[in-house]
Protein chains: 2
Amino acid sequence: MTETTDLPSEATIHAWARLVRVSQDLIGRVEADLKAAGHPPLAWYDVLLELRRAEPDRLRPYQLQERLLLAQYNMSRLLDRMAKAGLIQRVPCEEDGRGHILAITEEGQAVRRAMWPVYAHAIARHFGDRLTAGEAETLTALLTKLKE
Amino acid sequence: MTETTDLPSEATIHAWARLVRVSQDLIGRVEADLKAAGHPPLAWYDVLLELRRAEPDRLRPYQLQERLLLAQYNMSRLLDRMAKAGLIQRVPCEEDGRGHILAITEEGQAVRRAMWPVYAHAIARHFGDRLTAGEAETLTALLTKLKE
DNA sequence: CCTTAGTAAATGCAGCTGCATCTATATGAG
DNA sequence: CTCATATAGATGCAGCTGCATTTACTAAGG
């Protein structure tokens with residue numbers, strides 16, 4: 001029986017360690033900027049944006065899960081909170097009695113629009129301003145390779 | 001009054017979105033591999049490794065916080081759990097009556113050694129195998145620029 | 001000394017996440 | 001039609017995280 005535990009190279013280990021630390025640090029900084037401006041967390045923005053992008057079609061919770069890579073129970077509760085906050089609505093689904101269709105409310109639209117300038121500025125400040133345009137593209141390409 | 005809300009470019013926004021999604025996805029996969037092998041979470045490994053690296057010197061909780069970018073209360077509780085599991089010990093600090101010095105136990109060493117092959121293989125499988133050596137270095141360089 | 005300010009670490013509480021399970025509906029085989 | 005299986009989504013419970021505050025000690029100025 002052959003051991004196929006291909007261990008990672010030093011270069012790989014360094015890259016991995018950097019990826020973990022830097023991405024968590026940057027996400028934390030951006031989240032902090034949103035919070036400091038009185039806005040909800042990033043995940044809420046992601047939901048609002050996906051729902052907006054899907055228009056005029058509407059999404060169901062499981063579609064949102066797939067797109068945002070969130071666990072089912074996690075999405076269920078996130079939608080609970082957003083519904084309680086009045087940003088979305090769950091409408092019973094005609095074709096499938098088990099499910100719902102998600103709709104952004106006017107207030108949800110307003111929150112999304114209000115969040116974007118803060119989010120955009122945070123992305124620029126903590127991330128974009130530290131890379132040239134070419135570097136950003138290189139990074140995107142590398143991360144895309146990692147996406148499988 | 002001049003608006004200086006330098007908005008991020010399209011390339012920057014794409015890179016940011018990829019970074020957030022891909023890093024969270026990869027970390028999740030690696031964590032899942034550790035858990036599937038019956039090991040503790042990544043953060044535990046980070047602590048054990050930092051303590052090991054510091055030898056023969058020993059670290060105090062606040063030094064670990066700085067190195068691992070964890071919040072103070074978060075570190076305090078992580079150390080609680082690890083102490084309860086018998087992997088580390090908190091020894092009262094001679095020079096500073098407020099603090100403690102952290103020591104890995106034999107079992108902590110054993111756990112760290114047992115975790116590494118699983119962790120290494122997960123890094124290779126989900127991350128390293130998808131990049132050439134040159135790409136890993138390029139990625140490290142880009143992430144280093146983001147580190148400020 | 002004593003007082004004041006600062007730092008190391010712990011903790012109560014509320015909200016979030018993971019896991020397992022549960023409910024309700026859909027779908028497909030016989 | 002009926003039963004088995006699969007899928008959409010919710011939920012109880014335990015553990016983790018964030019926030020604010022507390023406890024214990026150090027340090028520095030009068």
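Just so we're on the same page: letters track the sequence lines, and every chain starts at 1. All values reported here derive from a predicted model rather than from experimental measurement.
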Validation row: B:Q24, A:L69 side chains within 4.5 angstrom (heavy atoms): no
Tell me whether A:T12 contacts the main-chain N or O of A:P8 through its side chain, where contact means a donor paired with an acceptor under 3.5 Å. no
Nearest-Å distance for atom pair NZ/P, residues B:K84 and D:dA14: 14 Å
According to a 3.5 Å limit on both distances, what stems of 3 or more consecutive Watson-Crick or G-U pairs are formed with DNA chain C? C:1-30 with D:1-30
Using a 4.0 Å heavy-atom cut-off, write out nucleotides 1-12 of chain D from 5' to 3' as B (base contacted by protein), S (sugar-phosphate only) or - (no contact). ------BSBBBB
For A:K35 and D:dG18, is the shortest distance between a side-chain N/O and OP1 or OP2 below 4.0 Å? no
Just by distance, with hydrogens left out, do B:H126 and B:D25 show a side-chain donor and acceptor under 3.5 Å apart? no
For A:R130 and B:L146, indicate whether the former's side chain and the latter's backbone hold a donor-acceptor pair under 3.5 Å. yes
Specify the residue among A:E94 and A:W44 whose closest nucleotide of DNA chain C lies further upstream toward the 5′ end. A:W44
Do the non-hydrogen side-chain atoms of A:L64 and A:L70 ever get within less than 4.5 Å of each other? no
Does a salt bridge link B:R125 with B:D33, judged by any charged N lying under 4.0 Å from a carboxylate O? yes
Once you round it to whole Å, what is the distance between C1' of C:dA9 and CG of B:L78? 14 Å
Write down the distance between CG (A:L42) and P (C:dC16), rounded to a whole number of angstrom. 14 Å
Check the phosphate of C:dG15 against A:R81, side-chain N and O only, distance under 4.0 Å to OP1 or OP2. Yes or no? no
Side-chain N or O of A:N74 closer than 4.0 Å to phosphate OP1/OP2 of C:dG18: yes
Answer yes or no: is there a side-chain heavy-atom contact under 4.5 Å between A:H39 and A:W44? no
Dump the intermediate steps for side chain to side chain contact (heavy atoms under 4.5 Å, CB included) on B:L79 and B:V47, then the final yes or no. CA-CA 9 Å; B:L79 295 173; B:V47 167; 4.3 Å; yes
B:Q63 and B:R60: side-chain hydrogen bond (donor to acceptor under 3.5 Å, both in side chains), yes or no, with the steps? CA-CA 5 Å; B:Q63 296 175 297; B:R60 291 181 51 188; 5.8 Å; no
Protein-nucleotide distance (B:E95, atom CD; D:dA27, atom P), rounded to Å: 11 Å
Between C:dC19 atom C1' and B:E31 atom CD, what is the distance in whole Å? 15 Å
